[in-house]
Structures are given as C-alpha cells and as structure tokens.
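Data block below; observations after.
Starting from 1, each residue takes its place in the sequence as its number. All values below come from the heavy atoms of this structure, side chains included, with hydrogens, waters and symmetry mates left out. Source: prediction; values computed, not measured.
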Amino acid sequence: MRTNLMLLNPIEQIKTQNLSIQIDTDEKRYFETDLTICEDETLSVDVCLELTLEHDASWNQTAVKKIKAHILNAYDSEECEDVELNDLERRQLARYLAENLNVKIN
C-alpha cells in the first residue's frame, strides 16, 4: 500500500496557525523581544521581534505601529527536529509574520 502525503511548506503551515501573541511591556515607543510563536502547534518558530509602538496618552493604550521579524529557528514537533529554512523561506516567513502577526500589548 502506498500513501501519498503532501507536506506543506513551512510558510503554508504557519498560515494555518493562530498568529496572536500577548506582550507585557511598559515601553511606549520601541520594544525588542525573542519568543516562540505557535509553541503548541505542529510547527513552532523562534523569532526576534522588533516592535515600533505608538502610545495614545488619552486612552492610556499602546499599540503596535510596525513589526519587523527575524527568524531564528523553526521546529517540527511531530518529527521532533529542526526545520531547515533557506534564505528565501526565512525572508518570506519574516515578511508574512510582520504583516499578519496580531500583537496585543499589555
């Protein structure tokens, strides 16, 4: 018996996952942090995020104005191994995260 499995590339796998994170900071303009996105999913990604923040004093709220993501590592929990990403995949994934990551600032 032959099974034909179509494996999704890392970017397609990330697109199917919940891209929401919550960050606790008192910073008002800029914040940088290393964290793991999608930690409980099949594919997790370690990233360094550079967040440009915008503080609204009248509402006492801080929102993310711009995200820059640097991909550090990706890990496949089903295969228990690191996912090798080439430079193009790293750039595409970083761009996708910068455009689609939902960041809530506390």
Side-chain angles (χ1 to χ4, degrees):
M1 179 177 195
R2 184 175 164 180
T3 306
N4 191 8
L5 295 176
M6 181 176 165
L7 298 176
L8 296 175
N9 70 37
I11 296 167
E12 292 303 316
Q13 283 184 285
I14 290 294
K15 287 180 180 180
T16 66
Q17 298 179 21
N18 180 11
L19 294 177
S20 296
I21 60 171
Q22 186 171 341
I23 294 177
D24 295 320
T25 182
D26 293 329
E27 297 295 326
K28 307 287 187 219
R29 307 191 112 210
Y30 178 83
F31 184 70
E32 186 174 329
T33 185
D34 293 346
L35 54 93
T36 301
I37 298 174
C38 308
E39 192 169 16
D40 297 331
E41 302 287 341
T42 302
L43 182 70
S44 61
V45 181
D46 295 330
V47 295
C48 174
L49 293 178
E50 295 180 38
L51 305 173
T52 303
L53 306 174
E54 188 172 58
H55 183 73
D56 184 346
S58 62
W59 290 92
N60 195 27
Q61 291 181 331
T62 302
V64 176
K65 186 175 180 180
K66 181 181 175 187
I67 300 172
K68 185 171 183 181
H70 303 278
I71 308 302
L72 303 175
N73 190 34
Y75 185 78
D76 185 334
S77 62
E78 286 182 355
E79 298 294 325
C80 297
E81 64 184 16
D82 288 338
V83 176
E84 295 296 323
L85 299 172
N86 62 39
D87 289 341
L88 177 60
E89 290 172 325
R90 284 180 183 274
R91 285 193 307 271
Q92 288 175 333
L93 186 53
R95 186 178 325 116
Y96 183 80
L97 290 175
E99 294 171 356
N100 296 284
L101 187 63
N102 181 17
V103 179
K104 182 177 179 191
I105 303 290
N106 287 336

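The cluster map of Ile, Leu, Val, Met, Phe, Trp and Tyr, joined by side-chain heavy atoms under 4.5 Å apart, puts Val83 and Leu35 in the same cluster. The hydrophobic clustering, which links ILVMFWY residues whose side-chain heavy atoms are closer than 4.5 Å, places Tyr75 and Leu85 apart.
Taking each heavy atom of Glu32 and Cys48 in turn, the nearest pair found is OE2-SG, 3.5 Å.
The local environment of NZ in Lys28 is crowded, with over 12 non-hydrogen atoms from other residues, nucleotides or ligands closer than 6.0 Å. Annotation: Gln22, atom CD; neighbour count of heavy atoms from other residues, nucleotides and ligands within 6.0 Å is above 12.
Applying the side-chain contact (heavy atoms from CB on, under 4.5 Å) test to Asn102 and every residue at least two apart in sequence or in another chain returns Ser20. Considering only residues two or more places apart in sequence or on other chains, Lys15 meets the salt bridge (charged side-chain N to carboxylate O under 4.0 Å, His left out) condition with Glu12. Looking at residues two or more places apart in sequence or on another chain, you find a side-chain contact (heavy atoms from CB on, under 4.5 Å) between Lys66 and Thr52.
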### Task
Would you sort out whether Leu97 and Leu49 count as a side-chain contact (heavy atoms from CB on, under 4.5 Å), showing the intermediate values?
CA-CA 10 Å; Leu97 290 175; Leu49 293 178; 5.7 Å; no
### side-chain contact (heavy atoms from CB on, under 4.5 Å) evaluation trace for Asn73 with Ser44
CA-CA 8 Å; Asn73 190 34; Ser44 61; over 6 Å; no
### Task
Apply the test side-chain contact (heavy atoms from CB on, under 4.5 Å) to residues Leu93 and Val47: give CA-CA distance (whole Å), side-chain angles for both, the deciding distance (0.1 Å), then the verdict.
CA-CA 10 Å; Leu93 186 53; Val47 295; over 6 Å; no
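For Glu89 (side chain) and Asn86 (main-chain N/O), a donor-acceptor pair under 3.5 Å exists by modelled atom type. Under the 3.5 Å distance criterion, the side-chain polar atoms of His55 are left unmatched by any main-chain donor or acceptor of Asn60.
Of the candidates Asp82, Ile37, Thr36, Thr36 is the only one forming a side chain to side chain contact (heavy atoms under 4.5 Å, CB included) with Asp46. Exactly one of Asp24, Val64, Ile21 qualifies for a side chain to side chain contact (heavy atoms under 4.5 Å, CB included) with Ile105. That residue is Val64.
Annotation: side chain of Ile23 is in contact with side chain of Leu51 (closest heavy-atom distance under 4.5 Å).
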